[in-house]
Amino acid sequence: GENVEQHPSTLSVQEGDSAVIKCTYSDSASNYFPWYKQELGKRPQLIIDIRSNVGEKKDQRIAVTLNKTAKHFSLHITETQPEDSAVYFCAASIQGNNRLAFGKGNQVVVIP
Amino acid sequence: NAGVTQTPKFQVLKTGQSMTLQCAQDMNHEYMSWYRQDPGMGLRLIHYSVGAGITDQGEVPNGYNVSRSTTEDFPLRLLSAAPSQTSVYFCASSYSESYEQYFGPGTRLTVT
């Protein structure tokens, strides 16, 4: 089955710096790659997603890049702010099985 | 729209008791799923459904049953609660596994 791994598990950055989280996946047929943000005690919420026919997508301070050959995709957060502190989950669709496989999550801490 | 709703928010059970976690959505989504979230384990898929009358097992289905008699509702039944089922449970819905999943607020379950 699909295996999604996230690195690093915890990331601390100074406010204003950039944060990058990388995810790898194993199923070459996966074609949808979302990123979810979960604040403490809250539900996960989608912040950005990308499909396999696109290499990069940007939404204000957040961007996602996809390398299908290497089977990895990354979340980039620029000009980090304290409210970016959260757990971020990546996921990949499992084609033919109607499933979405999630990684274990990255704790991002933005230090003021 | 209320989105995805879950009840109860909190529940404490004794080992061996059974109960049903309720989930409902008003977005006419065909795809619904149940996840459990444990520290350091990310979101693990328990069961999912691609439409009324259709359900399938996810990654960790043992000890849980589901049914999908309507598009709106997707209850999760714990047959005989065990301490290992202590977790936060999230219900989610979407158009398919390749579209944004909308999560409910979660149910925090403790089994003693």
Side-chain angles (χ1 to χ4, degrees), chain A residues 1-10 21 23-27 29-54 57 59 62 64 66 73 86-107, chain B residues 2-7 9-10 21 23 25 27 29-61 66 68 74 87-108:
Chain A
E2 173 73 281
N3 187 35
V4 178
E5 294 188 357
Q6 294 183 235
H7 306 278
S9 58
T10 304
I21 307 168
C23 261
T24 59
Y25 62 98
S26 58
D27 187 354
S30 294
N31 67 358
Y32 175 65
F33 308 93
W35 282 94
Y36 286 81
K37 176 184 180 182
Q38 186 179 31
E39 296 174 0
L40 189 63
K42 302 282 184 65
R43 72 190 81 185
Q45 291 194 299
L46 181 76
I47 54 171
I48 197 166
D49 55 12
I50 193 168
R51 298 189 183 276
S52 58
N53 58 348
V54 175
K57 184 176 177 181
D59 183 3
I62 293 171
V64 56
L66 172 64
F73 55 112
V87 176
Y88 292 82
F89 292 97
C90 64
S93 62
I94 306 175
Q95 289 311 101
N97 280 320
N98 295 312
R99 299 185 190 187
L100 196 63
F102 281 85
K104 290 190 164 97
N106 295 95
Q107 176 74 57
Chain B
V4 181
T5 58
Q6 289 183 239
T7 56
K9 282 191 168 61
F10 301 94
L21 307 185
C23 174
Q25 53 93 9
M27 297 175 280
H29 285 164
E30 291 294 327
Y31 187 88
M32 295 186 75
S33 50
W34 276 102
Y35 296 89
R36 60 177 289 173
Q37 185 174 34
D38 303 295
M41 298 298 291
L43 293 158
R44 292 186 292 169
L45 184 63
I46 305 171
H47 286 285
Y48 64 102
S49 168
V50 299
I54 306 169
T55 64
D56 207 346
Q57 296 182 350
E59 187 183 350
V60 288
V66 292
R68 185 95 179 271
F74 190 42
S87 187
V88 179
Y89 291 85
F90 287 101
C91 176
S93 76
S94 68
Y95 288 112
S96 80
E97 82 285 355
S98 296
Y99 287 86
E100 177 177 2
Q101 296 215 13
Y102 293 84
F103 285 83
T107 294
R108 185 173 293 276

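These numbers come from the heavy atoms of this one structure, side chains and all, not from hydrogens, waters or symmetry mates. In what follows, every chain begins at residue 1, and chains take the letters A, B, ... in the order their sequences are listed. Here the structure is a predicted model, which is why all the values come from computation and not from measurement.
- Within 6.0 Å of the CZ atom in B:Arg44, the count of heavy atoms belonging to other residues, nucleotides or ligands exceeds 12.
- Neither the backbone nor the side chain of B:Val88 has a heavy atom closer than 4.5 Å to any heavy atom of chain A.
- Interface remark: A:Gln38 contributes side-chain atoms only to the contact with chain B (heavy atom separation under 4.5 Å).
- Geometrically, A:Arg43 does not engage B:Tyr89 in a cation-pi contact defined by less than 6.0 Å to the ring centre and at most 45° from the axis.
- A:Pro34 does not touch chain B: none of its heavy atoms, backbone or side chain, sits under 4.5 Å away.
- Contacts between A:Tyr36 and chain B at a heavy-atom distance below 4.5 Å involve the side chain alone, from C-beta outward.
- Residue A:Arg99 comes nearest to B:Glu59 through the heavy atom pair NH1-N, 4.4 Å, listed as atom of the first residue, atom of the second, then distance.
- Taking all atoms of both residues into account, the shortest heavy-atom contact from B:Phe103 to A:Pro44 is CD1-O, 3.5 Å.
- Below 4.5 Å, heavy atoms of chain A meet heavy atoms from B:Tyr35, B:Gln37, B:Gly40, B:Met41, B:Gly42, B:Leu43, all part of residues 33-43 of chain B.
- A:Leu100 CG to B:Tyr48 OH: the interatomic distance, rounded to the nearest 0.5 Å, is 11.5 Å.
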